[in-house]
Participant: 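So that we are looking at the same thing, I have put the structure below in structure tokens.
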Amino acid sequence: MKLLDGKATAAAIREELKQAVDQRKKEGKKIPHLVAILVGNDGGSLTYVNAKVKACEEIGFESTLIHYDEDISEQELLNKILELNEDDNIDGFIVQLPLPKHIDELKITLAINPLKDVDGFHPENLGKMMLNLPGFLPATPAGILELMKRNGIETEGKDCVVIGRSNIVGMPLSVMLSRNTPTGNCTVTLTHSRTKKLKEKVLNADIVIAAIGKPGFVTADMVKEGAIVIDVGTTRVPDSSKKRGWALKGDVDFENVAPKCAYITPVPGGVGPMTIASLMINTLRSMELRRK
Ligand code: GUN
């Protein structure tokens with residue numbers, strides 16, 4: 001069994017990006033500027049957004065965190081998005097999800113200028129992804145493909161089962177793995193809450209991607225010997241042995257599944273850092289595309 005070390009792979013990507021930024025600085029060119037908008041005080045979202053800002057600092061990007069109270073109106077948030085769309089100093093921005101119930105996530109996503117949509121959530125970018133046209137790819141799926149690529153895992157011809165069909169992970173990932181690209185060409189089965197004989201399907205998979213947010217859902221009896229297992233889950237579960245009182249748990253029963261795998265991602269330190277690295281790649285690209 002080999003650990004797919006997202007932390008180390010993401011650090012290597014950040015180093016490459018830092019060199020690109022240093023080069024731009026030397027040439028007197030603009031430095032990418034990412035804005036992250038956070039609404040409310042969800043602990044997980046706060047951690048992720050802070051990690052995104054920290055990654056910007058490490059690479060040398062400019063970054064701004066805009067933190068609104070939970071009760072901000074939808075209109076006020078839309079106004080900020082329109083302002084960021086127009087601001088030439090801002091190369092890309094994200095609105096951390098989920099949003100409070102009184103704010104329509106689709107309306108917010110649709111308001112973002114697709115050319116600054118470094119999360120790749122706008123329908124225009126998702127449509128381009130479907131057609132294999134250049135655009136922004138969603139950060140978590142892109143990070144997973146990059147993690148496999150940089151660790152020498154070929155996807156071509158493999159049977160892949162994706163568990164979970166969310167708009168930001170499972171659904172786009174199933175498309176990206178299916179496409180005729182060097183990190184695609186899989187035969188993909190996208191499974192969800194209505195899937196019959198799930199265990200049978202997962203047992204057949206060369207690559208299993210678990211993205212449903214149910215801790216320990218994928219058990220050893222569901223995984224074939226030699227499979228590649230990617231765990232997207234990051235649920236906070238109570239853990240009295242930790243000072244903060246909780247631990248992050250993936251969707252895979254790591255302890256029992258790992259011995260059967262050719263490769264497996266840990267939680268934390270697997271997919272999470274790769275999501276942030278992809279966002280950084282998209283931000284640099286956003287600036288280069290708009291400024292040449
Ligand atoms: N919530 C969970 N993952 C993501 C992500 O990649 N981007 C944003 N904006 N929100 C998220």
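Each ligand, and each atom within it, is numbered from 1 in the order the structure gives.
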Participant: Identify, with sequence neighbours excluded, every residue that meets salt bridge (charged side-chain N to carboxylate O under 4.0 Å, His left out) alongside Arg150.
Facilitator: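 Here the qualifying residues are Glu16, Glu146.
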
Participant: Considering only residues two or more places apart or on different chains, which pairs with a residue in residues 195-205 satisfy side-chain hydrogen bond (donor to acceptor under 3.5 Å, both in side chains)?
Facilitator: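 Matches after skipping sequence neighbours: Lys199-Asp221.
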
Participant: Would you call Lys80 and Glu76 a salt bridge, using N to O less than 4.0 angstrom?
Facilitator: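 Between Glu76 and Lys80 there is no salt bridge, as every charged N stays at least 4.0 Å from the carboxylate O atoms.
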
Participant: Ligand 1: which protein N/O atoms lie under 3.5 Å from its N/O atoms?
Facilitator:
from, atom 1, to, atom 2, distance (Å)
ligand 1, 1 (N), Gln96, NE2, 3.3
ligand 1, 1 (N), Leu97, O, 2.9
ligand 1, 7 (N), Asp119, OD1, 3.2
ligand 1, 7 (N), Asp119, OD2, 3.2
ligand 1, 9 (N), Val95, O, 2.9
ligand 1, 9 (N), Asp119, OD2, 2.6
ligand 1, 10 (N), Gln96, NE2, 3.4
ligand 1, 10 (N), Leu97, N, 3.0

Participant: Output the distance between atom CG (Leu115) and atom CG (Asn125), rounded to the nearest 0.5 Å.
Facilitator: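 Answer rounded to 0.5 Å: 8.0 Å.
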
Participant: Suppose the criterion is side-chain hydrogen bond (donor to acceptor under 3.5 Å, both in side chains): which pairs have a residue in residues 262-277, not counting sequence neighbours?
Facilitator: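 Checked against side-chain hydrogen bond (donor to acceptor under 3.5 Å, both in side chains) - neighbours excluded - the pairs reaching residues 262-277 are Thr140-Thr275.
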
Participant: Taking the side chain as every heavy atom from C-beta outward, state whether Lys29 and Glu288 have any pair of such atoms under 4.5 Å apart.
Facilitator: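 Side chain of Lys29 against side chain of Glu288, heavy atoms only: no contact under 4.5 Å found.
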
